[in-house]
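First listed ligand is number 1; within each ligand, the first listed atom is number 1.
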Amino acid sequence: MSVEETTSEVILTHPDNNKTFVKILKYGATVFSWSLNGQEQLWLSSAAKLDGSKPVRGGIPLVFPVFGKNQDDEDLSKLPQHGLARNSTWEFLGQVKANPPTVQFGLGPEIANPELSKLWPMDYSLILTVEMGSEHLKTHIEVSNTSSDQQLKFNWLFHTYLKIDDIEDTMVSNLSGTKLFDQMLQESYVDKQPVVTFHEELDRIYQKVEDDRLVQVIDKGHPVHTIKRHNLPDAVVWNPWVEKSKGMGDFEPKDGFKELVCVEPGYVHDFVKLQPGQSWEAYQLLYKDKLNYQVL
Ligand code: BG6
């Protein structure tokens, strides 16, 4: 059977290769493991909570309706960092395709975390579609404004923790020439470096990155992850390094930052704004590709 449901998880196994599978926690509809022919692709903290007591530290947490901690918006500023989707138990809607195995999860205010919904009493419907091919993982989101009279204003982001061998041998490519907001320096500038490299905590929001820029994670010259984005103009690149990792209780081992890089496709610099009845969709596609250094 290619789709197995337990009380807390959904596991998809590829019909042609049982070493290719994905595990999704209903809490947060969080993909917390993606094995591609026996090789884990996502980083997961060994102290990550998978019992619904807090968002998962690793995998692909979903950020909605606000990225980070908002200070200005009357409604969104009441929510905790990264919103409510990653701390709500989603409904498993079932399998929609046999091959590639594809499943859907849904979230709306009627089932979302009640404490957080009280802080942000909006009408919306989210449908997450997870498609696992023999060589790719696609996560697609559709957000609908189900209100009859109110605008829906939100951020979206796939907070993807990619597994790597060694952060000091790793580069992230094809973001050069893009404007970014550096969360460490609290300032904006254009990245003039040909690639992103890592020597300390790095937390950058690359803005308005064209859809046709394929972001690649490169290990000693070899591309290990390729990320295609659709309708997600921003890309957050994050590595917590030593001190930040020490400060996160659910981050283990403490030197685990060496084996992860977060590349997070999102819509976070601006808000998506939907009028009553409107919908918006976007996806992230993770796959393997040859080195594709784009001159843009
Ligand atoms: C990243 C942010 O997306 O998420 C960082 O850019 C933040 O600033 C990180 O530290 C982790 O956030 P959290 O809430 O999961 O600890």
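- No side-chain donor from either of Gln41 and Ser35 sits under 3.5 Å from a side-chain acceptor of the other.
- Pocket lining of ligand 1, defined as residues with a non-hydrogen atom under 4.0 Å away: Arg57, Phe67, Gln81, His82, Arg86, His159, Gln183, Asp203, Val236, Trp238, Lys244, Glu264.
- Electrostatic pairing of Asp250 and Lys54 counts as a salt bridge here, judged by a charged N lying under 4.0 Å from a carboxylate O.
- Note: Trp120 and Phe64 meet the aromatic proximity criterion, with ring centroids under 6.0 Å apart.
- A salt bridge links Lys153 with Asp73; the closest basic N to acidic carboxylate O contact falls under 4.0 Å.
- Side-chain atoms of Ser176 and Asn174 form no donor-acceptor pair, as typed in the model, at a separation below 3.5 Å.
- Evaluation of the ring pair (Phe, Tyr, Trp, His ring centres under 6.0 Å) rule for Tyr283 yields His230 as partners, not counting sequence neighbours.
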